[in-house]
2 protein chains.
Amino acid sequence: YDNLIQQGDNPDLTKERKTASFNLWKMQCFVHEGEDVVKKRKEILDFVQSKREFDDPVPAEFLSREEVVDRGARKAVAMTNNAEAIDTSDFFGEGMYYQSLVMGRDLHSMSLHYIMFMPTIQGQSDDDQMDEWMGPTAVRAILGTFAQTELGHGSNLTKLEATATYDPKTEEFVLHTPTLTATKWWPGGLGKSCNVAVVMAQLYTNGQCKVAGPHPFYVPLRDPDTHMPFKGVTLGDIGPKFGINGSDNGFLIFDQYRIPRRNMFMRFSKVLPDGTYVLPPHSKLGFGTMVFVRSIMIKDQATQLGAAAVIGIRYSAVRRQGEINEGAGEVQVIDYRTQQFRLLPQLARAFAFLFAAYEIKTLYLDVTEQIGSGNMDLLAELHAVSSGLKSVVSWETAQGIEQLRLACGGHGYSRASAFPDIYTYAVGGCTYEGENIVMLLQVASQDSGKARIRSWKQCTDEDIIHDFEAVARRMIFSSYDRLKSFETTMRKKEAWNKCSIDLCKTARIHVKLYLVKVFLRRVSACEDAACKKVMHTLATLYAFDLISGAAGYFMKGGFLSELQSELVQSDLYEMLEVLRPESVALADSWDMSDLELRSVLGRRDGNVYPALLEWAKKSQLNKTEVLPTFEKYLGPMMKEGRAHL
Amino acid sequence: YDNLIQQGDNPDLTKERKTASFNLWKMQCFVHEGEDVVKKRKEILDFVQSKREFDDPVPAEFLSREEVVDRGARKAVAMTNNAEAIDTSDFFGEGMYYQSLVMGRDLHSMSLHYIMFMPTIQGQSDDDQMDEWMGPTAVRAILGTFAQTELGHGSNLTKLEATATYDPKTEEFVLHTPTLTATKWWPGGLGKSCNVAVVMAQLYTNGQCKVAGPHPFYVPLRDPDTHMPFKGVTLGDIGPKFGINGSDNGFLIFDQYRIPRRNMFMRFSKVLPDGTYVLPPHSKLGFGTMVFVRSIMIKDQATQLGAAAVIGIRYSAVRRQGEINEGAGEVQVIDYRTQQFRLLPQLARAFAFLFAAYEIKTLYLDVTEQIGSGNMDLLAELHAVSSGLKSVVSWETAQGIEQLRLACGGHGYSRASAFPDIYTYAVGGCTYEGENIVMLLQVASQDSGKARIRSWKQCTDEDIIHDFEAVARRMIFSSYDRLKSFETTMRKKEAWNKCSIDLCKTARIHVKLYLVKVFLRRVSACEDAACKKVMHTLATLYAFDLISGAAGYFMKGGFLSELQSELVQSDLYEMLEVLRPESVALADSWDMSDLELRSVLGRRDGNVYPALLEWAKKSQLNKTEVLPTFEKYLGPMMKEGRAHL
C-alpha cells in the first residue's frame with residue numbers, strides 16, 4: 001500500500017502527492033470505514049480487471065444507443081454470473097462498488113431486478129408467495145422490474161390511475177390502464193428486457209376502491225420462451241434520455257389483462273376469494289423499498305461528486321496556465337485562489353455526503369430490525385431525514401459536478417473527461433424517484449410546530465453546531481408563526497402552499513445542520529492524528545462555506561456580527577491555503593482506480609495530453625479519413641462554388 | 001395575429017391564455033424590438049416549414065453520432081443554398097433565428113465558416129488578400145474554420161505553442177506544432193469537414209519571436225478534389241462531447257508544413273520578403289472576432305433559457321398533481337407557490353439577458369464604426385461588459401435550465417422534453433470560448449481603483465438602481481483596499497491572486513447591476529400600457545430576487561435593514577401571485593413556434609401526453625418487439641435459471 005506514485009507519472013502530480021501531511025492508506029481506511037473495506041475493494045478491483053468478459057472492446061462513449069443497450073445486457077449477465085466475487089447481501093458496500101467497476105456510469109436492464117423487484121418480493125410477499133417467487137428471482141429464471149409511475153402521475157401515489165379489479169367469478173384481478181395518462185412510464189428494463197413486473201395499481205373489489213393508494217401485484221408480462229408480450233399487454237422503450245441510456249426504461253399499457261388472485265402481494269393487505277378486502281396492520285409499510293433506494297442513492301451521489309472532485313483536483317495540478325510571478329513560468333491552475341475555491345469546497349461537500357450516507361445506512365438497518373419486531377418509532381425519522389437529504393444532496397451534487405466541470409475548462413466538455421457522463425448519471429437521481437421540492441416539504445412538515453430540533457449524541461465543535469442550530473430553530477419558529485397566521489384566514493393546505501417557499505428554506509437549513517454535525521462527529525472519531533487534523537480543516541471549510549452562503553440568515557437580528565461574518569470569509573481563504581498541498585492526496589483518499597473514474601483528465605498518472613489524443617483517435621468519425629458527407633454534400637457544394645468564381 | 005388559442009388545445013392552456021391582461025402581439029413586438037421583426041420571424045418560419053429539404057425523416061434525438069453529423073452536413077448545405085430567405089448581414093437577428101429553425105440545437109460543420117472564418121477574412125486581410133479569399137469564402141468554394149486553442153492552452157493566448165517560422169529563402173512560413181500540447185484542439189468542423197483554416201501561431205522571423213501572442217494565417221488543409229489532408233497536416237475528430245455532436249470539432253498537427261508568405265493575414269502586422277517584421281498600429285485589434293462571437297452568444301443563451309422557461313411554464317399549466325383544497329381535484333402544478341418560484345424568476349432572468357444582448361449588439365456596432373475611423377475609446381468598455389456578461393449569463397443560464405428541467409419532474413429527463421439538448425447546447429457556451437473566472441477577473445480589473453461605476457442614461461426605478469450601485473461601489477472599495485494592503489507585502493499578481501475571490505464577487509454584482517438597469521430602462525420605454533405594467537412587475541421581481549440572493553452584501557453595515565429585507569421577501573411572493581395569471585401569455589410572448597422549441601412538453605397546444613407516447617414509439621429500440629439482447633444474453637440466462645429450479 002503506497003502513495004500511488006509510480007515511475008513515469010506526471011512530475012507535477014508526484015510533487016503534489018509528496019506534500020501531503022498524512023498517510024494515504026490510513027486516510028483511505030478512514031474514508032471507507034475500515035481497513036477490511038479498503039482491502040476488499042482492492043480484491044474486487046483485481047478480480048474485475050482479471051476477467052476478460054468485463055472488457056469493453058470499444059469504450060461506451062463511442063457507441064450508439066442500440067450498442068450501449070447491447071453492451072449493458074452482455075455485461076449485466078456477466079456481472080451476475082460472477083457474483084461470487086462479492087458479498088451480495090451488502091449492496092450498499094460491495095455490490096455498488098462491484099457494479100460501478102463492471103458497468104461504469106449507466107444503469108442496465110437488470111438494475112431494478114435487484115434494487116426494486118427482489119426487495120419487493122422479500123418485503124411484500126406472504127410465506128407461500130415467497131416460496132414461489134423468490135427462487136426464480138434469485139437464480140435469474142425471470143427478469144423483473146418495478147412499475148409504479150405513470151405518464152400522468154409521479155410522486156402523488158394516491159392518484160395513480162391503473163386499476164386492478166377483482167373478479168370473484170374467476171378469482172382473478174383484471175389489470176387495466178383506463179386512460180392514456182394511466183400508462184406506466186419510466187420503469188428501468190420494462191421496455192424490452194424484463195418479462196415480469198411488480199405493478200402498483202388501485203385495487204377495486206366488490207365495486208369499490210377500498211383504500212386510495214396503490215397495491216403491488218406480481219405480473220408476468222412476456223412469454224418466457226418467445227419473449228413476446230402476452231395478449232392485453234403493450235410494451236415499449238420510452239426513448240432516449242439525458243443519460244442512463246443503457247437502460248430500456250419502458251411504458252406499459254394494460255387492456256383488461258387478467259392475473260390470478262394470488263398474484264396480489266399479500267403480506268400486509270389481502271383480498272379473499274369472495275372479494276373481501278382485509279386491511280393491512282400499518283398503512284405506511286409499503287414505504288420500505290423506496291427508502292432503501294434512497295439510502296443507496298445518497299451514497300451514489302456522494303461518489304459521483306467525489307469522482308468529479310478527484311478529476312478536477314488532479315487535472316488542476318497537471319494543467320498549467322498563466323504566470324502569477326512574471327517570468328517564473330506558467331503555474332499549475334490549482335495555485336489560483338479562485339480555482340481552489342472551486343475545487344476544495346466541492347471535495348468537502350462530497351465527503352459530507354458520503355458520511356451522511358453511512359449514517360442513513362445505519363439508521364435504515366436499525367429501522368428494518370425494529371419493523372421486523374413490530375416497532376415503527378424510527379420509520380418516520382428515517383423517512384424525513386432521508387428524503388430531505390436526498391433532495392439537498394442531489395441538487396448540490398448536480399451543481400457541484402458542473403462547477404468542477406467548468407473548473408477544467410474546455411476539456412471538461414469532452415466525454416473524455418467523464419464529466420458529461422457523471423452529470424447525466426447523477427442528475428438522473430434528482431428526478432427518477434420523486435420530486436425534490438415535494439420531499440423538502442415532507443421534512444418541513446415533520447419539523448414545523450416543534451420547538452426544538454432533534455438532539456444528537458455529544459458533539460465536538462460545539463460553536464459551529466450551536467450556531468447552525470440556533471439559526472435553524474429560529475427559522476422554524478418564524479415559518480411556523482407565518483403559517484399559523486395564514487391559517488386564521490384560509491384552509492390549512494392553502495396556508496401551507498403560501499408558506500411553502502419559506503418552509504423549503506427552513507428544511508434545507510436543517511439538512512445542512514445535519515450534514516455539518518455528521519461530518520464533524522465522524523472526524524472527531526478519526527484515530528489517526530495526521531488524518532484527523534487535515535479532515536478537521538476540511539470539515540470546518542465545509543461549515544464555513546455553508547455559513548458564508550447563508551449569511552443572510554445568520555446575520556438576521558445581529559445573530560452573526562459583521563466582524564464574525566468577515567472572519568468567516570477570511571478564514572475560508574486561509575483554510576484554502578492550508579489545504580492546497582493536501583489536495584491531491586485528499587483526492588487520492590477516495591481510492592478511485594482509473595477503471596472506476598473512467599476519465600482521461602483524472603488519470604492516476606496525470607499523463608493527460610497523450611491520453612486525450614489516443615482517446616480521440618477512437619472517435620466513430622475517425623474510422624475513415626474522408627466521411628461520406630464529403631461526397632454527398634460538401635464536395636458538390638464546393639465544386640459548384642468553384643464553378644462560380 | 002392571435003393569442004395562440006386553437007380548437008382542440010388542452011383546455012388548461014386555453015384558460016391560461018385568456019387570463020392575461022395584455023395583448024400578445026404587442027408584447028411579442030416589445031420583446032423582439034418591433035413589429036417588423038416579428039412579422040419577418042413569421043415569414044422565415046413559413047419559409048422553413050414550406051421547404052421539404054429541411055425535413056428530418058427521423059428526429060435528431062434518435063440518431064447515432066455518425067447520423068447526426070450526416071444530417072448536419074445535409075441541412076447546413078440546404079440552409080445556405082436557401083439563404084435568400086433572410087438578410088444574411090443580420091446574423092444576430094435573422095441569421096440566428098433561421099439557423100435555429102433549420103438546424104435545431106446543434107452546431108454543424110459550417111458554423112465556424114460564417115461565425116469565425118469569414119469575419120476574420122473581413123477583419124484581418126489587406127486589400128489584395130480580401131480580393132483573393134473573400135470570393136471563395138462567400139460562394140462556399142472552400143469551407144473554413146478557426147484554429148486557435150491547443151491541447152495544452154486555451155484562454156492564455158500568449159503561451160500558445162504552434163509556430164510559424166519565416167523562411168526568407170523560399171518566402172514561406174513553416175507551420176509546426178513542436179510539442180504534443182501544441183496540437184490544435186476543438187475548432188468546429190476542423191476534424192473532417194473543413195479544407196482551410198485560420199490558424200493562430202507564434203510568429204518567428206530572423207530567428208526571433210517578434211511579438212508574444214499569436215498571429216493569424218490562412219492555411220489550406222485538405223485537397224479540394226480528394227479532401228485528403230496535405231502532407232504535413234494530420235487531422236481528426238476529437239470525439240464525442242456533452243452536446244453539439246453534429247459538429248466535428250477537430251485536432252490538427254503540423255509537421256513542418258509550408259505556406260506562402262502572403263498567407264499571413266497582413267491588414268495590421270506584416271512580414272516583408274526579407275523577413276522584417278512590421279508592427280501593427282494597435283495591439284488589441286485582433287480582438288474583434290471574439291467580441292462578435294460573444295455578443296451572439298449572450299443572445300443565444302438568453303434564447304435557450306427563454307425556451308426552457310416557455311417549456312416549464314406551459315407544462316406546469318398542463319400537469320396536475322395533488323390537491324390544495326381537499327376534494328377539489330388535483331391542481332395545475334403552477335398553482336404551487338414553490339413552482340411559481342422555480343418558474344417566474346427564470347423567465348424574468350431570460351428577458352433580462354435578452355435585453356442585455358440587444359444592448360451589447362448596439363455597443364458592438366458603435367465600436368465597429370469607431371474602430372473603422374481609428375477611435376478605440378469604446379473597445380475596452382465593450383470588452384469588459386461583454387466578457388463579464390458572458391460569464392454571469394452562461395453560468396446562470398445553465399443553472400436556470402436545470403431548475404426548469406427539475407420543475408418538470410421525471411419527464412424533464414427525457415429527451416422528448418428538449419431540456420437535455422437545451423442544456424448541453426447552452427453549457428457549450430460556458431467553455432468553448434474562454435473560461436468564466438478568467439473573464440470575471442478581466443471585468444474586476446477594469447473596475448478596481450475607480451471610485452464610481454460607469455454612469456448610464458436617465459433611469460427609472462431609481463431606488464433599486466441606487467441600492468445596487470451603492471452596494472457595488474462599496475464592494476469595489478473594499479476589494480480595492482484589500483488588494484492594496486496585500487500589495488504592500490507581495491508582488492502585484494500575487495496580491496491579485498489572493499484577492500481574486502472577492503474581486504470575482506464584486507465583478508458579478510456589477511454585471512447584475514447592469515442587467516437590472518437595462519431591464520428597467522427597456523421596460524420604461526415600452527409604449528403599450530398593459531404590456532408595460534406586467535413587464536415592470538417582472539423586472540421588479542428580477543431585481544428583488546437578485547437582492548434576496550445577495551442579502552448578505554446588501555445588509556452589510558445595515559445598508560438594507562432587516563425590515564426592508566423581509567419586505568423584499570414578502571413582496572417577492574406577492575409578485576408571484578400577481579404574475580401567476582400572466583405566466584403562459586408571457587411565455588407565449590417569446591414567439592417560439594413548436595419547430596423552434598422542439599419539445600413535447602412545451603407544445604403550443606398543450607396536448608403533451610399523447611405526443612409523448614407517439615414520440616416514444618419512434619425510439620430506436622422499438623423497431624423490433626424483441627431485441628437481439630434476448631437471444632444473445634437474457635434468454636439463455638433465464639433458461640439456465642429455469643433449469644436450476
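Lettering of chains follows the sequences in order, A, B, ..., and the numbering in each one begins at 1.
Only the side chain of A:E330 comes within contact range of chain B, with heavy atoms under 4.5 Å apart. Only the side chain of A:E577 has a heavy atom closer than 4.5 Å to any heavy atom of chain B. Interface remark: B:K623 contributes side-chain atoms only to the contact with chain A (heavy atom separation under 4.5 Å). Only the side chain of B:E562 comes within less than 4.5 Å of a heavy atom of chain A; its backbone N, CA, C and O stay farther away. Residue contact with chain A, scored on non-hydrogen atoms closer than 4.5 Å, involves the backbone and the side chain of B:R140 alike. For chain B, the nearby part of A:K632 is the side chain; its heavy atoms alone come within less than 4.5 Å. A:K556 touches chain B through backbone and side chain together, each having a heavy atom under 4.5 Å away. Both the backbone and the side chain of A:L143 come within contact range of chain B, each with at least one heavy atom under 4.5 Å from a heavy atom of that chain. For A:P224, the parts sitting under 4.5 Å from any heavy atom of chain B are the backbone and the side chain alike.
When side chains are defined from C-beta on, A:T629 does not count as touching B:D248, because their heavy atoms never get closer than 4.5 Å. Using a 4.5 Å heavy-atom threshold, the side chains of B:V69 and A:Q620 count as separate. Two residues are said to be in side-chain contact when any heavy atoms from C-beta on lie closer than 4.5 Å; B:F251 and A:L612 fail this criterion.
Note that CZ of A:R342 is 8.5 Å distant from SG of B:C504, once rounded to the nearest 0.5 Å. Residue A:D70 holds its CG atom at 3.5 Å from OH of B:Y633, rounded to the nearest 0.5 Å.
Ranking A:E323, A:E566, A:Q340 against chain B, the residue ahead of the rest is A:E323, based on heavy-atom pairs under 4.5 Å. When each of A:A551, A:S64, A:S414 is checked for heavy-atom pairs under 4.5 Å with chain B, A:S414 comes out on top. Per-residue counts of heavy-atom pairs under 4.5 Å with chain A were compared for B:K639, B:K618, B:K617, B:E402; the largest is that of B:E402. For chain A, the option among B:E631, B:M555, B:K493 with the highest count of heavy-atom pairs below 4.5 Å is B:K493. Here B:N497 is the residue among B:V139, B:L634, B:N497 with the most heavy-atom pairs under 4.5 Å with chain A.
The pair A:D502-B:R337 does not count as a salt bridge, with every side-chain nitrogen at least 4.0 angstrom from each carboxylate oxygen. Salt-bridge formation is not detected for the pair B:R65/A:E61: no Lys NZ or Arg NE/NH1/NH2 atom is positioned less than 4.0 Å from an Asp or Glu carboxylate oxygen.
Residues forming a ring pair (Phe, Tyr, Trp, His ring centres under 6.0 Å) with B:Y336 (at least two apart in sequence, or on another chain): none. Applying the side chain to side chain contact (heavy atoms under 4.5 Å, CB included) rule to A:S417 yields the partners A:F419, A:P420, A:L601; only residues at least two apart in sequence or on another chain are considered.
The aromatic rings of B:W185 and A:H411 stand perpendicular to each other, their planes meeting at an angle above 60°, with 30° marking the opposite boundary. Taking the six-membered ring where tryptophan is involved, the planes of B:Y413 and A:W186 are tilted, since the angle between them lies from 30° to 60°.
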